[in-house]
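Residue numbering restarts at 1 for every chain, and letters A, B, ... go by the order of the sequence lines.
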Amino acid sequence: MIARTIVDVPAAQTDRLFDYLIPAHLEQIIQPGMRIIVPFGPRQIQGFVIEVTATSDVPKLKSVQEVLDPVPVLTSELLQLGRWLAHTTICFQISAFQVMLPAALKTSVMKELHLLVAHRELEMPLQPLFQQNKKVLWKDAVDHLGSQLGLVRKALDAGQLVVHYVVKEKAKKKMEKWVKVNKEADLTSIKSSAHKQLEIIHFIEQKAEPIRSQEVLTATQSTRAVLKSLIEKKLVLEWDQETYRDPLQGVRYKPSPPLPFTDEQQQAFIPLKKAIVDKRSETFLLHGVTGSGKTEIYLQAIDEVMKQGKEAIMLVPEISLTPQIVSRFKSRFGEEVAVMHSGLSVGEKYDEWRRIHRSEVKVVVGARSAVFAPFSNLGLIIMDEEHETSYKQEDMPRYHTKEVAIKRSVHHQCPVILGSATPSLETFARAQKGVYTLLSLKHRVNNRPMPTVDIVDMREELRAGNRSMFSVSLMEALKRRLELGEQSVLFLNRRGYSTFVMCRDCGYVPQCEHCDISLTYHRSNHSLKCHYCGHEETMPVECPECTSEHIRFFGSGTQKVEEELTRVLPEARVIRMDVDTTRTKGSHQRLLDAFGNGDADILLGTQMIAKGLDFPNITLVGVLAADTMLHIPDFRSAERTFQVLEQVSGRAGRHQRPGEVLLQSYTPEHYSIELVKSHDYDTFYQMEMRQRKAAEYPPYRYMALVTISDPDLPNVIQKAQKISDYLKSTLGSETVILGPVVSPIARIKDRYRYQCMIKYKNEPRLTEALQQILQHYLRDTTQGKLQISLDMHPYFFM
DNA sequence: AGCACGCCGACT
DNA sequence: GTCGGCGTGCTC
């Protein structure tokens, strides 16, 4: 039998099947979807078995070396999905398979040198390497020998050394020692003077069930030595048992029963339930204002799915995957829930993945990659905050979670629910057209009013002589909350406002020498750092351009706001939440808990506080600069502005007390800001659609982005022009090719970047044309330094 | 991506 | 003559 295999080499030339002979002893074992080790040229690497066939066209076949999995890690559905993913996003198949699995399953190959003779026989420079060990990592040999590496080749030729490729799996199963009493043992053989041993034996005996060794030691206050002597006498049996890491560290959740639905929720639930029961692949858009109870609908829909004996995937944006949301699912569904997010360690993610893979859980709550959860009996996929950009993966494969979810729903004949208060225009347009089924929740639960929103014109503030970052009304509102003992949230839209350094005399801004981007100031070590390549330099004391001393940290970061805030409101207790204060594990939750406990009056933060926050005492939300996002040169900037403002507004007045929102803006008349006042998504949608139509942007047109980069500027320009010309000559006359133009970030890591944008309506041969281009420049991309990257559904045009 | 093979210049 | 530099092409 033949194993047709995709090998773990992400390169254009190896992006195809390689056939391997299955040795007789593995014939009953190897199945599609398993990982195997195969010889590839002179080395050994990992591969995925795609299919098993009887014959091969290749005359001389090598044999499969080893099987890594007892059961396939990829189901036939996921194998198919991977092929589809590679084709639609134009990436290597291996990258598509790799993204569906936890990182722990990725193997690394170690090249080792093994000594075959006595180390004294080696040439002198090689001897110290092998003095201690018979094997040495190739990497270490390179480090130690440097230019004398040629001696290794000689020793290899002379048969003194041999190269071995050792495949290392990263996956480590967590093992724990367990004990039980040996039934056949004669317990009376313990001397009565051995108090500790007797204590331990009795403790284990009374438990009846096996117990963790560690638990025995803690309970009896003994040392391992005592237990060990019992084990050696075979009175107690000890063995290693695999356990799952518990990322929630033993937190137990109180069960929470379903909440009664409002009429509106009930109305929305009926068609969802029907689709679940009818096993229909249908995509719903659940459009509900903030606080309208979407989560309760998700929970009860999942409950319905579980009653059918099926599984559900609950997708949430990474940033809102807080313990708050997790606990809501855990307390409803208990042990049936797995959680997947970037905060987990590689090992923890692997454990959660295996719980899904072994069908030990019925529900997975997770970010983007959880859409690939290896369920085989999927009954529902929910995507909360459907409009969130984090659902788009920005490196290969550049997939959109929504597309994958819908693809899987077709395979499993199950519904998809897209939920949002502010759906992306693409999604809402499809719901309008009837491609998706629209379900609306227009009211908050318990008829809580939407918060009142006021817009403060910061230009007027300036005219009135207020140069601070807080308007008079915001200051007054904050002071009022302090007096009433209520809490406020201050939101700083950091996108567009970076923490750059600027000379106040000549306006000089330090830039990265490898990337055309301003350096970011890092207070911790008083340095300037590039966010793209990591380049770091010390903060200059004087301006390199004009030698002025007035060069300093500029931008309006949260730190700066915090300083200002404590200056003008010294009595206020402030909690700041941004990337700096939430870097360590669990700090996110600690800060939120502190705020929830009323340890602070004001929560100041960036994007990460815009969603999921649900505290009864928040009655004021202030947005410091509502329009910073609006000026980012991106056709979606108005949409993002409206979405984020609507989202933060939703944090206020979710409970008894009514909420108030203050938006400070320099362009208060813009519809994306104005319409937050009335929480009027529909009007925003219509106005924005008009803009999109006029400029032929999505959802009226599809879009694709080609980015060409190379260290040699003339080469980039020339190649970009040729690519653009080729596209113009190949694609339909209705298709618009913009560019080549310089990318918004003109240079990253010393590579100059140009891009072409493709706007099209119907272009069945687009994928083919783009693949043609990749093929045509294969030489330049593999041997030269040219890079061509494709994004079939770009979200950011950088 | 690695890795070997092979063809040129500059050294013992 | 040989060592080692890098361009070229292959991996079932």
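A salt bridge between Asp780(A) and Lys785(A) is absent, with no side-chain N of the basic residue lying under 4.0 Å from a carboxylate O of the acidic one. Taking the charged nitrogens against the carboxylate oxygens, Asp351(A) and Arg354(A) do have a contact shorter than 4.0 Å, which makes a salt bridge. Arg747(A) has a carboxylate O that lies under 4.0 Å from a charged side-chain N of Asp750(A), or vice versa, which qualifies the two as a salt bridge. A salt bridge between Glu77(A) and Arg408(A) is present, with a side-chain N of the basic residue lying under 4.0 Å from a carboxylate O of the acidic one.
Side-chain N/O atoms of Lys62(A) include none lying less than 4.0 angstrom from OP1 or OP2 on dT11(C). Proximity of Arg779(A) to the phosphate of dG7(C): no side-chain N or O atom is located under 4.0 Å from OP1 or OP2. Between Arg43(A) and dG2(B), a side-chain N or O to OP1/OP2 separation shorter than 4.0 Å is present. Taking only side-chain nitrogens and oxygens, Tyr165(A) never comes nearer than 4.0 Å to OP1 or OP2 of dG2(B). The phosphate of dG9(C) has neither OP1 nor OP2 within less than 4.0 Å of any side-chain N or O from Gln13(A).
Here the C1' atom of nucleotide dC12(C) and the CE atom of Met1(A) are 17 Å apart, to the nearest Å. A straight line from NZ of Lys139(A) to P of dC3(B) spans 14 Å, rounded to a whole angstrom. Remark: P of dA1(B) and CZ of Arg16(A) are 16 Å apart, rounded to the nearest angstrom. The CD1 atom of Ile45(A) sits 13 Å away from the C1' atom of dC10(C) (whole-angstrom rounding). Atom CD1 in Ile6(A) sits roughly 15 Å away from atom C1' in dA1(B) (whole-Å rounding). When rounded to the nearest whole Å, the span between CG of Leu61(A) and C1' of dC12(C) equals 6 Å. Summarising the geometry, the separation between NZ on Lys111(A) and C1' on dC3(B) is reported as 7 Å, rounded to the nearest angstrom. Atoms CH2 (Trp138(A)) and C1' (dG2(B)) sit 12 Å apart, rounded to a whole Å.
Comparing atom distances between the Ala11(A) side chain and each of dC3(B), dG9(C), dA1(B) picks out dA1(B) as nearest. The side chain of Gln783(A) lies closest to dT8(C) when the candidates are dC12(C), dT8(C), dA1(B). Between dC12(C), dA4(B), dA1(B), one nucleotide has an atom nearer to the side chain of Pro42(A) than all others, and that is dA4(B). Considering only the side chain of Thr14(A), dA1(B) comes nearest among dA4(B), dA1(B), dT8(C).
Residue contacts for Pro59(A): at a heavy-atom cut-off of 4.0 Å it reaches no nucleic acid atom on any strand shown.
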Requested in this report: Evaluate the salt bridge (charged side-chain N to carboxylate O under 4.0 Å, His left out) criterion for residues Arg355(A) and Glu352(A): first the C-alpha distance (whole Å), next the side-chain angles of each, then the deciding distance (0.1 Å), finally the verdict.
Outcome: CA-CA 5 Å; Arg355(A) 293 175 66 207; Glu352(A) 293 297 276; 3.1 Å; yes
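Between Phe40(A) and dT11(C), a base-stacking contact is recorded: ring centres under 5.5 Å apart, planes less than 30° from parallel.
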